[in-house]
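Following: one structure in structure tokens, then a few remarks.
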Amino acid sequence: MIRDQLTDALAAALDAAGIEVDRSRITLERPARREHGDWSANAAMVAAKAAGRPPRELAAELAAWLEEPANRPAHVERIEVAGPGFVNVHLAPSWLHDVLTEVVGCIPAELGASDDGAGRAVNIEFVSANPTGPLHAGHGRGATYGDALARLLERTGWQVTREFYVNDRGTQMRHYAASLAAAAAGQPVPEDGYRGEYITRWATELPSELADGPPPAADGDDVDPLLEWGLTRALDDHRDVLDLLGVHFDVWFSERSMVGSGAIDATLADLRQRGVAYDSDGAVWLRSSDFGDDKDRVLVRSGGEPTYLLPDIAYHRDKYGRGFALLVDVWGADHHGYVPRMAAALAALGHEPDSFEAVITQLVNLQRDGEPVRLSKRAGEIVELRDVVDEVGTDAARFTFLLQSVNTAQTFDLELAKRKSMDNPVYYVQYAHARIASIVRKAEGAGIERLPLEQVDLAQLTHERELALLRALEQFPEVVADAARTRGPHKITAWLRELAGRFHGFYHDCYVVADSVDPELTQARLWLVEATRVGLVSGLDLVGVSAPDAMDVLDDDQRAVD
RNA sequence: GCCCUCGUAGCUCAGUUGGAUAGAGCGACCGCCUCCUAAGCGGUAGGCCACAGGUUCGAUUCCUGUCGAGGGCGCCA
């Protein structure tokens, strides 16, 4: 890595100047402006105070030392001092030609790969919607985010398990079953019930012996056939829609399974043994306020029934028991208040605070051509995720959900997402890939074969468009590492848009296969195009979006409408 | 009242452990097709980075406060 070479050289220059400075404070950054060079160092400004000298004077000394032929790192063209004391390094294009060679030497799945995770096991739990109804549009964001994060962590050396927690017991399930029963009997949904449109729709699917049967038992753990049917119906829906979205789970973990296994009782016993649970007012409490929570929380109600918290703790205890070094939970915004008590509970069980992370995904506001899609929460109106995916397609849905950071509320415009035009980022990026395939076809059609890389003169690549493309590719490994570390897959879509943009500029200004292009240049450009293809496929793979070889061509009428 | 996430161009959003003249796309306006898909490319206009202090050589970034938006504060899940 040239960055490391430059950092080493800079440290040597500081040594030579007799200046001691904390090495970690010396950083090399990519300047925002091209004329500031390829890399910029702040070392002189950082060291100025300790050295008691003006930063620019120091910078000049460092620059002079680095320009000495004996000290000059590879590819360095010139070094300048600028601004308040930056040392700017300008590199020769040859360093980017080396980047090209590195990129085409990788298959897409290897590009940006690292060993940051060191093979540790991470469990990513996401979606985990209650099996009391269909997934809605908001779940799509969590589903896509969780899956993309999983892909990022896999790329960076983690062993990933994708997990869905099924809340298949408790009061919500009983309300759900009662709602189905009421709808089947043509009666109004009970006060605490679910009143979405899907209830009546699903009720019509009930087999007659269930639809006509007696109302479900009000409580108890007796098996209620109607509830079982409803559970299966909802889970089938979830699995099906997630499949459409290209999201697949390794584990569907049943809350109910922990009753039979004794995991819930064992967890309570564990908490008591650690002295972090106590009895008061007939209930059992968790001493969560000792672990950063606002107040203590009830684990078992005075009536003897556990709250939702206890099975959740048992569930996370189970995950630790399966050997995961890191647990990541992806939750909707309406659960963020739940984070401190969960973290407190896991700390109370003796786990490292860093081993549990909760990512909160903010809301998704649906729009259609700029107009908000209004829903009545009281009437239980939702936009089903299935409808979103059906309307805009898997690729567009995924890419759009991943366009921005999950900690800001998202505006998702259905019309924009499905539009096949330049204002839709997913098509902009995919179109770049299709253009590459088109160039390859064109070359084949012209009988031009791409020669082995070692026979090609990459020094032919000097056009600013060509270099800009290589600069974007050069950054990819860092972007991947950063996106994984900060749990931000939106940084991948941002990079893809950048790369695609630079490719479209190249495509416009630099023909690859044409009579006007020298054959040697064609060869170099064919390799540049191949490197770009590897980058696009690699990035698209991280977000689970396809890289098509051709796009549907709009006819003239449609184009005129655009 | 307390907590969480935010507040950046007309709109949707980026903004790299604090860096130089704050960016992209869309929208608006002006240009560009004998040649690999014009679903593209180039240019112009558009900003008190919500506001006020503080830390720093340097703050959109870190700290405090104010205002504004959304969400959360149950022996509900």
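Below, chain A is the first sequence line, B the second, and so on; all start at residue 1. Computation of the quantities below employed the complete heavy-atom set of this structure, encompassing side-chain atoms and omitting hydrogens, waters and symmetry-equivalent molecules.
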salt_bridge(A:Glu478, A:Arg30) N-O dist < 4.0 Å
yes
Classify the ring geometry between A:Phe401 and A:Phe412 as parallel (under 30°), tilted (30 to 60°) or perpendicular (over 60°).
tilted
Hey, does the side chain of A:Arg487 reach the backbone of A:Ala484 with a donor-acceptor pair shorter than 3.5 angstrom?
yes
Anti/syn call for B:rC73, syn if |chi| within 90°
anti
Indicate yes or no for a side-chain donor-acceptor contact from A:Asp168 to the backbone of A:Glu255 under 3.5 Å, with no hydrogens or angles considered.
yes
Candidates B:rC35, B:rA77, B:rA14 - which lies nearest the side chain of A:Asn167
B:rA77
With sugar-phosphate meaning primed atoms plus P, OP1 and OP2, does A:Leu363 contact a base, only sugar-phosphate, or nothing at under 4.0 Å between heavy atoms?
sugar-phosphate
Touch class at under 4.0 angstrom, heavy-atom based, for A:Asp482 against every strand present
nothing
Would you mind telling me which residue lines up with the more 5' stretch of RNA chain B, A:Ser280 or A:Ala514, judged by nearest nucleotide?
A:Ala514
Under 3.5 Å donor-acceptor pair, A:His336 side-chain atoms to B:rG71 base atoms:
yes
Does A:Asn88 make a side-chain donor-acceptor contact with the base of B:rA20, cut-off 3.5 Å?
yes
A:Gln362 or A:Asp296: which one's nearest nucleotide on RNA chain B is closer to the 5' end?
A:Gln362
May I have the distance from A:Arg341 (atom CZ) to B:rC75 (atom C1'), rounded to whole angstrom?
12 Å
Would the base of B:rC6 count as contacting A:Thr408 through its side chain, where contact means a donor and an acceptor less than 3.5 Å apart?
no
Please determine, for the side chain of A:Arg301, which listed nucleotide (B:rC76, B:rG72, B:rG70) has the closest atom?
B:rC76
Please classify the nucleic acid contact of A:Gln410 as base, sugar-phosphate, or nothing, using heavy-atom distances under 4.0 Å.
sugar-phosphate
Sugar-phosphate only, base, or nothing, as touched by A:Thr171 at under 4.0 Å among non-hydrogen atoms
sugar-phosphate
